[in-house]
Amino acid sequence: MNEGHAFFAPHLLYPQLLDDSNPQERQAGLDMGLAMLPRCDELWCYGDRISYGMHLEIEEAVRIGIPVRRVMEQENGFAIGRAKGTEPAEAPQQAMRMA
């Protein structure tokens, strides 16, 4: 955000509105996250564990040509890598201005 980029975290948003223990509502949340993916410049995946929802998002991003970055915690901050089968990407151009 401080660099002028917007982010979207469906795994934080949709469980606030939907019941993740209800299979239909969980699927609706996954579907809505996937529907937003084509509007993204990159998909960043944080942590060492890939959940089922993350796996779906990674597969879809690769399918539609969106760069996927893995961000894994290390002793001195975060290390940024890229998912298998994807090319390195330039940082997206600044699309929004911060006031």
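Index from 1, following the sequence. Hydrogens, waters and symmetry mates play no part in the numbers below; they use all other heavy atoms, side chains included.
Atom CZ of R39 and atom CE of M36 lie 5.5 Å apart (nearest 0.5 Å). Atoms CG and CD, on D20 and E25 in that order, are 9.5 Å from each other to the nearest 0.5 Å. Separating the CD1 atom in I50 from the CD1 atom in I58 is a distance of 4.0 Å, to the nearest 0.5 Å. Atom SG of C45 sits about 4.5 Å away from atom CE of M54, to the nearest 0.5 Å.
Here the closest non-hydrogen pair linking A61 and L37 is N-CD2, 3.6 Å. Taking both residues in full, the closest heavy atoms of L43 and I66 are given as N-CG2, 3.9 Å, listed atom of the first, atom of the second, then distance. The shortest non-hydrogen separation linking E57 to P10 is OE2-CG, 3.5 Å.
In this structure, the side chains of Y52 and L30 come closer than 4.5 Å at one or more pairs of heavy atoms. A heavy-atom distance below 4.5 Å is found between the side chains of E42 and W44.
Grouping the Ile, Leu, Val, Met, Phe, Trp and Tyr side chains by contacts below 4.5 angstrom, directly or via other members, places L12 apart from Y14. Cluster annotation: M32 and F8 are assigned to the same hydrophobic cluster (Ile/Leu/Val/Met/Phe/Trp/Tyr, side-chain heavy-atom contacts under 4.5 Å, transitive).
When the side chain to side chain donor-acceptor pair (under 3.5 Å) test is applied to D19, the partners found at least two apart in sequence or on another chain are S21. By the side chain to side chain donor-acceptor pair (under 3.5 Å) test, E59 pairs with H55, sequence neighbours left out. Take R63 and apply the side chain to side chain donor-acceptor pair (under 3.5 Å) test, not counting sequence neighbours, and it matches E60.
For R69 (side chain) and Y46 (main-chain N/O), no donor-acceptor pair under 3.5 Å exists by modelled atom type.
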